[in-house]
Amino acid sequence: MFNLIWTRELQNGIHYLPRSNWLPSTPLSSAFCHRIKPLHLPALPRTYSTHSTMAAPVTLTSLSGKKITVPTGLFINNEFVPSSDSQETINCVNPATEEPLCSIVAGSAKDIDLAVQAARNAFKTTWGKNVTGFERSRLMNKLADLMERDAQELAELECLNNGKPVRIARDFDIGDSVQCLRYYAGWADKIVGQAIDIDQKTKIAITKHEPIGVCGQIIPWNYPIMMWAWKVAPALACGCTIVMKPSEFTPLTALKLSELIVEAGFPPGVVNTVPSFGSVGGAALSSHLDVDKVAFTGSTVTGRRIMESAAKSNLKKVSLELGGKSPNLVFESADLDQAASWAALGILYNTGQDCTAGSRVYVQDTVYDKFIEILVEKAKATVVGNGFDEKTGAGPIVSKVQYEKIWTYIDYGKSEGAKCVLGGEKRSGKGYYVDPTIFTDVTPSMKIVKDEIFGPVLSVGKFSTEEEAIKLANDTPYGLGAGLHSNDANQCMRVSNALEAGTVWVNQYNLLYNNVPFGGKKQSGIGRELGSYALEEYTSVKAIQWNYGEKLDWPI
Ligand SMILES: NC(=O)C1=CN([C@@H]2O[C@H](COP(=O)(O)OP(=O)(O)OC[C@H]3O[C@@H](n4cnc5c(N)ncnc54)[C@H](O)[C@@H]3O)[C@@H](O)[C@H]2O)C=CC1
Ligand code: BAL
């Protein structure tokens, strides 16, 4: 997600200008980076300790030569600690080089339990109903300031662990995360119920939006910092406490952010971070009897498991942000150049590792050939490379397993008879790189058209009528995002009404804002993140019925 004004000034790539007001308002240029204050290693706050060498911090050197210290322990009760009962580790890899980065402690089911106890204790004592919204807001704003201060360092760490370009991590992922914290800090003292007069003389009901309690938050690897912020910010605003389980592929920035939780002054146990494997820590959180809510972003398969665990344990509240196979429709009246730019952004942003990736483009037959010609030229201009290069627009794929999944689908595309008009060839050398790949002449039954690939692989199909376009677009079990490009206002309204998706972009694609709700229909999810809607996910409504005048004549 990002807010942007974008131009095509760079000859060889997408040039993004950040719109959020936390950054200098000057255009992004190669000189821009040097205006960000030089990275320095902040002194580690004295308010937390690390126990044992198993949890000792490591120092990584980024490609820019910067030294970044990263905690490696589990973060429970504002301390970095080893596992209580396991020697298991998570080995972090740099996807640009395939070299190991470091090993960190992998939390066990017992560690999850300890973190839940810490979160429960905080909920009952220092947080939950024991802290004002003003104070929650103050701490959240402080955390946002610290993230803004450390944006460059966090971006470099995100690049090392996830592969995404430093520039994009800093200006969009982190920029929007800072804004997300501030947006929900604004809500923290405005979470109010209603006073409902039953009549005007004897009875009133009051509704209170109470914090739901201890929240398990399970996040993926495609936007490690941003998904952290989307989950943590509304939960804190509502007064919930948190056990965060980052993805085993990208746990480092969640650990680094845990340092900032301490520095901001959050009481122990309010935010706990337990890196762990999904089948261990994720499963333990979703089946835990003392977790009140689980929020998840990831695959539909895992979402289904989480919902099942929640149902079989304590019926905890569940919100799921799952997969997609989002359609993007281009009608003949559209500005084709703009539509092609948005379509390229839709499939190539974050190297296609995006739940809303516009991975199926359908073009009206009258403009099909022309559109593909423009789109291929735009996609070719994407600079795919190491994220430490300022010109890079798309980094490597996050992991070997994801890289191999993408190539399996590219092979399916070829063997099932789609025409590969761009990419589709492996690079030699190190790094999990996949260049933009476009298939045309696709049919609805092809695997590349049906399945979520989560890489820079686009299927382009053809339609002749609006009715056919809608039918093709909705022919999927998913319903996360959808786009349409047309200069006919009535058509825009008709088609956006007919598309089965949680978000419909008209004459744009993939832009999200912290004050606009986001989530899926069909098998793309349950619940909404962002905006005021996310507050409902972290509160429980209590109705207090109050009698101040009616006498009961008994028996009735
Ligand atoms: N909607 C989205 O934003 C994302 C979708 N995906 C899709 O999922 C595919 C597979 O990627 P994965 O990393 O395997 O996704 P995943 O859904 O398995 O992983 C996401 C998170 O869920 C956790 N998890 C895994 N198994 C769990 C379980 N049994 N109980 C609780 N938590 C569990 C993982 O540790 C991670 O933190 C991708 O190729 C992509 O298609 C992946 C990441 C994000
Ligand atoms: N595109 C929004 C977040 C996600 O991909 O998970």
Side-chain angles (χ1 to χ4, degrees), residues 1-2 4 6 14 16 172 222-223 321-331 334-364 367-368 371-372 374-379 381-382 393-394 406 409 413 418 421-423 434 436-440 442 444 446 448-463 469-470 472-486 492 495-496 498-512 516 518-522 524-525:
M1 181 192 92
F2 45 90
L4 60 82
W6 78 313
I14 298 170
Y16 299 96
F172 300 111
N222 55 340
Y223 293 96
E321 201 264 273
L322 308 175
K325 192 72 192 174
S326 300
N328 206 349
L329 306 177
V330 181
F331 291 93
D335 174 336
L336 292 189
D337 189 74
Q338 271 300 295
S341 292
W342 291 110
L345 182 80
I347 190 63
L348 300 177
Y349 189 69
N350 213 32
T351 326
Q353 302 165 110
D354 194 315
C355 55
T356 48
S359 51
R360 293 182 297 138
V361 167
Y362 294 107
V363 189
Q364 198 146 22
V367 293
Y368 182 79
F371 179 81
I372 288 173
I374 303 172
L375 177 64
V376 166
E377 285 312 306
K378 297 211 182 239
T382 312
I406 294 167
Y409 275 99
V421 295
L422 183 69
V434 181
T437 295
I438 301 179
F439 285 102
T440 61
V442 299
M446 288 179 181
I448 54 166
V449 177
K450 286 165 71 168
D451 297 352
E452 179 174 62
I453 300 175
F454 232 63
V457 182
L458 178 66
S459 296
V460 187
K462 199 187 282 188
F463 66 86
I470 292 166
L472 285 166
N474 289 339
D475 183 19
T476 169
Y478 295 114
L480 195 57
L484 76 107
H485 303 266
S486 165
C492 289
V495 177
S496 42
L499 288 170
E500 295 165 357
T503 299
V504 176
W505 285 284
V506 180
N507 293 325
Q508 56 178 332
Y509 199 83
N510 232 358
L511 299 191
L512 296 172
V516 180
F518 175 73
K521 289 176 84 162
K522 292 155 84 177
S524 285

Heavy-atom side-chain proximity of [X] to [Y] below 4.5 angstrom:
X: S359; Y: V457; result: no
X: E321; Y: L480; result: yes
X: L472; Y: P327; result: no
X: T440; Y: Y368; result: yes
X: L322; Y: Y478; result: no
X: V361; Y: V330; result: yes
X: T437; Y: P456; result: no
X: K325; Y: V449; result: no

Using modelled atom types only, decide if a donor and an acceptor are shared between the side chain of [X] and the backbone of [Y] within a distance under 3.5 Å.
X: R360; Y: L458; value: no
X: S326; Y: G481; value: yes
X: D335; Y: D337; value: yes

Minimal non-hydrogen separation, [X] against [Y], with atom names:
X: G323; Y: E452; answer: CA-OE2, 3.3 Å
X: S524; Y: G479; answer: OG-N, 2.9 Å
X: F371; Y: A343; answer: CZ-CB, 4.1 Å
X: G358; Y: I347; answer: O-CB, 4.0 Å
X: I374; Y: A340; answer: CG2-CB, 3.7 Å
X: A418; Y: V442; answer: CB-CG1, 4.1 Å

Just how far is it from atom [atom1] of [X] to atom [atom2] of [Y], taken to the nearest 0.5 Å?
X: L329; Y: Y362; atom1: CG; atom2: OH; value: 9.0 Å
X: N510; Y: L345; atom1: CG; atom2: CG; value: 6.0 Å
X: E377; Y: I372; atom1: CD; atom2: CD1; value: 13.0 Å
X: I448; Y: Y409; atom1: CD1; atom2: OH; value: 10.5 Å
X: L512; Y: F172; atom1: CG; atom2: CZ; value: 13.0 Å

Could you please spell out the steps behind the side chain to side chain donor-acceptor pair (under 3.5 Å) verdict for Y509 and N328? CA-CA 8 Å; Y509 199 83; N328 206 349; 5.6 Å; no
Pick from N350, D354, N222: which one makes a side-chain contact (heavy atoms from CB on, under 4.5 Å) with F454? N222
Ring centers of F463, F331 separated by less than 6.0 Å: yes
Listed by chain and number, what are the salt bridge (Lys or Arg N to Asp or Glu O under 4.0 Å) partners of K462, not counting sequence neighbours?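 Once residues adjacent in sequence are excluded, K462 has no partner under the salt bridge (Lys or Arg N to Asp or Glu O under 4.0 Å) criterion.
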Can you name the ring pair (Phe, Tyr, Trp, His ring centres under 6.0 Å) partners of F518, sequence neighbours left out?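 Ring pair (Phe, Tyr, Trp, His ring centres under 6.0 Å) check on F518 returns W230.
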Just do the side chain to side chain donor-acceptor pair (under 3.5 Å) check on K450 and T476 with the steps written out, would you? CA-CA 7 Å; K450 286 165 71 168; T476 169; over 6 Å; no
Sequence neighbours left out, cut at 3.5 Å: what donor-acceptor pairs do the side chains of residues 498-508 make with other protein atoms?
residue	atom	partner	partner atom	Å
E500	OE1	K522	NZ	2.7
W505	NE1	L511	O	2.7
N507	OD1	S486	N	3.0
N507	ND2	S486	O	3.0

